[in-house]
Amino acid sequence: MLNARALTELLTLNTDDTLCKQWWLMTPNGTLLAYSQPSGIKTLRNKAAMVALSWQEHQLLMQPQPEDSEQDEDGFQEAEAVGPAVKLRALTIESMTSNLMTTRVQSGLLLTLEGGVPPRRHGFEPRTTAEGDDDAVYPPEDAAELATSSEELTTSRPSSTMSNAAISILRLQRKKLEALADAILDELERTGFAMPGKGAIDMF
């Protein structure tokens, strides 16, 4: 059972006016389970829906694709067997006004941080970066690896020019996201909670 009140208090305690503006816990289909206060619920639901759509899109993009296929006698495509499914571990959406960073706490449970950003450099382009379980964490600790890392991960746009301040803030936000996700996971494991595959979620 999820204790929504306790989670809301935890998320609210970890907010500030610049680095960590908003937190929320959601399912991959965009259902909000807990969020920091105060929050404009309509705006928050729209953000959660946008993150959910992007998460689902990049989850599909990461799956192995068959190299070729053949038609059977009835004209249907028979695809060759592909590798095991790849699970999306994290998603970073960089825009002109914020960084939206989402990580998988456990199967069916996502934690999102909306973080502030410094003024973007001229020519900045919004970018979405997806990470699978076996991918390196974005952004990397070494600034020299940033462009290479961006090309290796699943991105919706080419690598953009980033200031040192923007990279440092992105790293700090990612560390805070993972630390809070680990704390939530530890508590869920302590209470024996796991997200149900189907059906309603018990909350109080």
Side-chain ([X]) to main-chain ([Y]) donor-acceptor, under 3.5 angstrom:
| X | Y | answer |
| --- | --- | --- |
| Gln63 | Gln59 | yes |
| Ser54 | Met50 | no |
| Gln106 | Leu185 | no |
| Arg104 | Asp133 | no |
| Glu114 | Cys20 | no |
| Trp23 | Asn14 | yes |
| Arg171 | Pro140 | yes |

Group every Ile, Leu, Val, Met, Phe, Trp and Tyr by side-chain heavy-atom contacts under 4.5 Å, then state whether Val117 and Val51 land in the same group. no
Are Ile184 and Leu113 grouped together when hydrophobic residues (ILVMFWY) are joined by side-chain heavy atoms under 4.5 angstrom apart? yes
Any side-chain heavy-atom pair from [X] and [Y] closer than 4.5 angstrom?
| X | Y | value |
| --- | --- | --- |
| Leu188 | Leu2 | yes |
| Leu100 | Leu91 | no |
| Leu25 | Val105 | yes |

Euclidean distance, [Y] [atom2] relative to [X] [atom1], rounded to 0.5 Å:
| X | Y | atom1 | atom2 | answer |
| --- | --- | --- | --- | --- |
| Ile167 | Leu172 | CD1 | CG | 14.0 Å |
| Thr92 | Tyr138 | OG1 | OH | 6.5 Å |
| Leu19 | Lys176 | CG | NZ | 6.0 Å |
| Thr27 | Leu110 | OG1 | CG | 7.0 Å |
| Asn164 | Ile169 | CG | CD1 | 11.0 Å |
| Arg89 | Glu178 | CZ | CD | 7.5 Å |

Within the supplied structure, the quantity of interest is the number of heavy atoms (other residues, nucleotides, ligands) at a distance under 6.0 Å from [X] [atom1]; does it exceed 12?
| X | atom1 | result |
| --- | --- | --- |
| Arg45 | CZ | no |
| Asp186 | CG | yes |
| Asp17 | CG | no |

Would you name the heavy atoms of [X] and [Y] that are closest together and state the gap between them?
| X | Y | result |
| --- | --- | --- |
| Thr18 | Asp16 | N-OD1, 2.9 Å |
| Ala181 | Leu111 | N-CD2, 3.6 Å |
| Ala34 | Leu7 | CB-CB, 3.8 Å |
| Met195 | Gly108 | CE-O, 3.2 Å |
| Ala130 | Leu88 | CB-CD1, 3.6 Å |

Take Gln56 and Asn29 through the test side chain to side chain contact (heavy atoms under 4.5 Å, CB included) and record every step on the way to the result. CA-CA 8 Å; Gln56 294 164 18; Asn29 66 5; 4.2 Å; yes
Testing the 3.5 Å rule here: is there a donor-acceptor pair between the side chains of Gln22 and Ser39? yes
Which of these passes side-chain contact (heavy atoms from CB on, under 4.5 Å) with Met26: Leu109, Thr112, Thr31, Thr102? Thr112
Run through Glu131, Glu141, Glu94 and flag the one making a salt bridge (Lys or Arg N to Asp or Glu O under 4.0 Å) with Arg174. Glu131
Could you please spell out the steps behind the side chain to side chain contact (heavy atoms under 4.5 Å, CB included) verdict for Ile41 and Leu32? CA-CA 10 Å; Ile41 188 62; Leu32 287 169; 4.0 Å; yes
Please assess Leu180 against Leu11 for the test side chain to side chain contact (heavy atoms under 4.5 Å, CB included), listing each intermediate value before the final yes or no. CA-CA 8 Å; Leu180 191 54; Leu11 298 177; 3.8 Å; yes
Applying side chain to side chain contact (heavy atoms under 4.5 Å, CB included), run through Thr191 and Asn3 and close with a yes or a no. CA-CA 11 Å; Thr191 59; Asn3 187 332; over 6 Å; no
